[in-house]
Every structure is written in structure tokens, then in C-alpha cells.
2 protein chains.
Amino acid sequence: MSSRLALAELPQLERRTLADTAYEALADLLASGRLTPGDRLSLRQSAAALGVSVMPVREAVSRLVADGVLEVAPTRAIRVPVMTARDFRALAETRMAIEGIAAARTAEHRSEAELTAIRRAEAAFRAEAESAEPDCTRAVRLNRDLHFAIYAACGLTPLQEVIARLWLKAGPVINLDLRAHPERLLQGFALRRHAETLVAIEARDGPAAAAALAADIREAADFILSRGGLRDA
Amino acid sequence: MSSRLALAELPQLERRTLADTAYEALADLLASGRLTPGDRLSLRQSAAALGVSVMPVREAVSRLVADGVLEVAPTRAIRVPVMTARDFRALAETRMAIEGIAAARTAEHRSEAELTAIRRAEAAFRAEAESAEPDCTRAVRLNRDLHFAIYAACGLTPLQEVIARLWLKAGPVINLDLRAHPERLLQGFALRRHAETLVAIEARDGPAAAAALAADIREAADFILSRGGLRDA
DNA sequence: TCACCCGAACTGTGATCACAGATCACTAGC
DNA sequence: GCTAGTGATCTGTGATCACAGTTCGGGTGA
């Protein structure tokens, strides 16, 4: 047929189910901290809010439960898990190890284009953090963008997916803390570690990139733990 | 009440839904290689086989899809993903990195009881592999037991969960290969690496444990890739 | 004033039905 | 003989209903 070539250029249009949409909506609620540890979630209420039946929400929730981002209590209530300080520490250590690996690989494998993207993301976060009136919500998103710009260049898709799930799990705690204590952002804690990481990636120094990024995670976690907002183990 | 203490000793009995059971049944099918890459899965047929309605199966499948262990094709067909050689290599490299970390942490933190458990698991696998007529299915299970005995001692629950998901994802490919080429087991490839890992853990040598375990994963992956059973990227 | 109990309203879980789209065997037309 | 089309049957997706267990508020008892 004459249209063979033209048809070949058509992008595969993705199939989005209502469950996918519901998943993203809930994940966003969690990642942005509007759903905080201990909060309960009702299938029917969520469904009503999203304007669909319970079915898609049910599927979305079951995925989030499988990820450990939500949990069903023995009483069958769905809620955001309340992490103990011990749990949070373990999660942070896991993130330091795994995200450190990704940063190291990025430092060793990154292309120039990827380096440019990382530089741009770092600059965007810095601009927000150093601005006269930083917007916390925006800063959190830019911080996430920077981290994932780094992980995207590591060359290992499964590793990225693992990290994305860990972030989803840590999201509620981190954002809850940030909303309660936005001053940390102003002190530019993360800025130095980000700069160190960027320098290491530029220099193709894997171990240094891993160390700097792990330090970033550790300091953020230490800060949150020092606030004492988490339940003891 | 007088029975307060006695009641406190009761273990919380877990609530098992049909969806949980269906999930385990399907996961077992995948991990044991009875469901191989490319196979299609029907909700209704699976439900009939399990003697339940489609609902629990649906939920189980949606979890497995979220884990990347199953996928829904754009035609809405559910199937076991067919990995390209490139995908499998990326998965293996991710596993080498992450499971290496776990092994290193185990070497540095393990208790004597955990070391004993690991020794026992290693001996069990060795006994099966060196027996006159090794049973492949059994050997695969013992190999898994050994690896997870190591990971269980790493002290980081989130890390263990991450690894479990990676194994589920790699399961179909590995088991498919093993069923097609059981001779690798007989040659005792893995035995040396297991022994090296055990020695390193005994000596509390983290880097050595990570290297030995990563080598175990790499050699298994290389063997499978050399068979050419996987589609090119 | 406090503890208890009962019932209404809610919870997640599972089954069933409805529907649009995909498959596949088969046939009509060239 | 081979292709295009057609209809029965299957697919996953979503909505709805049924049910048992939980939660919570209001009343009754002491």
C-alpha cells in the first residue's frame, strides 16, 4: 500500500485504563505528602472523588499495597503505613546503597547530553533553593527531577524502577516532614551535596559520586530523624 | 482480666484473601518456570483453574503487572514478558550490584546463628548438586534458599524486598533455560562461587562476599546468554 | 457521670453482569 | 488458490450488587 511508510511513523498510542489514572492520582497524593502516614483511605470515597466506580481504585490500591506504599490493616482498613524510626533508617540505608550505585554508574557511563540534562536540573534546584521566597512544593519536585536525571543516565532500567519504588515509599514521610519544617530547605543543606555529586559525575569519578549522593540522603534522613516525628521502633 | 498476658502471646493471625492466594499460585508458576516468557494468561481460565471468580485473579495479576513480572499487551492480552538479551543483561547487572551490596552487608553484620543458617543452606545445595542424580527443580529451590539465607542476614528489610522482586522477574527466564539445559547444574558452576561467598562471609570480608556473589550471578547470566535463547535487542 | 450495648452506616472482598475490542475459523469473491 | 470480510467467541475493563466484618454514635443502664 502507498501509505505503508506514513503508517509506520505513527506512534503506538498507549492504552490508559482508569486504573492507571487512579494509580497516578493516588501516587501523586502520596509523593506530594497530601496523604500522610496514618491516614486512612476509603475505596468508595476515593472512587467518588475520582468520578469512577470502586473497581479502578481497587486495582490501583492493590498495586500500591504490593509496593508497600499503602497497607491493609488486619481490620481491613487501608492506610498509609506509619514507619518507625527504625524502618525509616533501614529505608534510608537501602536508598544510600542503591542510589549510590546508580550515581556511580552514571558518573562512569554518562553521555554529554545526559550531563547537560543533569547540569540543568541541578541549576534549576539551586535557583529555587537560593531564591528569595522558595516554594517548598516546587523545590521538592525539582529535587526529585535532579535525582532522577542522574538515575536515568545510569543505563540500567531495572535499577531506575527499583529506585522509583523506594522514593514512592519514602515520599509520605519526607514530605510530611518538609511541610512541618520547611526551614531545612532554606539552609541549603542539599546544595553542597548536589554540587559535589555533579562535580564527580563531570569528572567520571564513580566512587565520589556515590559518596556524595549517599551523603545527601543520609543528611536528609538524619535531619528528619532528629526531629523525632517518627515512632520509636 | 487475668488472661491479659496469655492473650498477648497470641500471634496475630494473618488475613489471607483469595487474591493473596491467587498471587502466590501465579508467582509460584512463574518462579518455577511452568509459565515461560511469551505465554499468555487468561483471567477466566486461571480463575476456573483456581476455583474462584475472576476478581481475585484480576487483583493478583495487577500486582504482578505492577512488578513487571507480567505485562498487558496493547491488545489487552496478559502475558509473560519476553525479555531481549539486552533486557536480561541489564537485569543481571542490576542484580549483581544490589545483591552484592546485600552480601557485603551480611558479611559485616551477620550473627553466628545467621552464619549457621547460611552454612546449612550451602551444604544442602552442595549435597543436591553433587548427588548422583540431581533433581533440577529441587536444586533451583535450594539455590534460592541459599541466596535468601544470605540476604535475610543483611539487616535491611527493604533491600530484601527489592531483591525478591528482581528474582521474580528473572525467574521465568532462568527456569526456562534450566529446563532446556540442565547440564549446567551438573558441572558445578555455582558451587565454587557459593563456597567463595561463604568463606568471605565467615571472614567478615564484605567486598569479597560481594565479588563472589556477583560472579555467581554473572556466570549464570553469561551461560544463559551464550545459549542464545533470548531475542536480540 | 461513666460504662456498656445495640444498631445504623460504613469498610473491603468477592461474584456477577455488561460492554467494547481482539481473535480466529470460515466463507464469499476475485 | 489466495485475499478480504464476517460473525461467533474470547479477551480485559468497568459497574453493580451481596455479604460479612468493623466503626462509631446515641441511647440505656447503673
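Every chain is numbered from 1 and lettered A, B, ... according to where its sequence line falls, protein lines coming before strand lines. Just so you know, these numbers use all the heavy atoms, side chains as well, and skip hydrogens, waters and symmetry mates. Keep in mind the model is a prediction, meaning the values are calculated, not measured.
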Q) Can you give one letter per nucleotide of nucleotides 15-20 of chain D, going 5' to 3': B for a protein heavy atom under 4.0 Å from the base, S for sugar-phosphate only, - for none? A) BB-B--
Q: Could you list the residues that satisfy salt bridge (charged side-chain N to carboxylate O under 4.0 Å, His left out) with B/Arg44, not counting sequence neighbours?
A: none
Q.
List the residues meeting salt bridge (charged side-chain N to carboxylate O under 4.0 Å, His left out) with B/Arg40, not counting sequence neighbours, and say none if there are none.
A. none
Q.
Whole angstroms only, please: what is the CD-P distance between B/Glu59 and D/dG12?
A. 16 Å
Q. Is A/Thr75 near enough to D/dT23 that one of its side-chain N or O atoms lies under 4.0 angstrom from OP1 or OP2?
A. yes
Q: Let me know the distance between CD of B/Glu71 and P of D/dT11, rounded to the nearest Å.
A: 18 Å
Q: For A/Ala215, enumerate each residue passing the side chain to side chain contact (heavy atoms under 4.5 Å, CB included) test, keeping only those at least two apart in sequence or located in another chain.
A: A/Arg193
**Q.** For atom CG of A/Leu43 and atom P of D/dT22, their distance in whole Å
**A.** 17 Å
Q: Kindly point out which of D/dT23, C/dG12, D/dG12 is positioned nearest to the side chain of A/Arg40?
A: D/dT23
Q) Of A/Ala77 and B/Gln45, whose closest DNA chain D nucleotide lies nearer the 5' terminus? A) B/Gln45
Q) B/Leu41 CG to D/dC10 P: how many Å, rounded? A) 17 Å
Q: Answer yes or no: does a side-chain N or O of B/Ser42 lie under 4.0 Å from OP1 or OP2 of D/dC10?
A: no
**Q.** ring pair (Phe, Tyr, Trp, His ring centres under 6.0 Å) contacts touching residues 152-172 of chain A (sequence neighbours left out)
**A.** A/His147-A/Trp167, A/Phe148-A/Trp167
Q.
Under the rule for salt bridge (charged side-chain N to carboxylate O under 4.0 Å, His left out), what residues qualify as partners of A/Glu108, not counting sequence neighbours?
A. none
Q: For residues B/Leu168 and B/Leu64, determine if any side-chain heavy atom of one lies less than 4.5 Å from a side-chain heavy atom of the other.
A: yes
Q. Within this structure, what is the CG-to-P distance between A/Leu64 and C/dG12, rounded to whole angstrom?
A. 14 Å
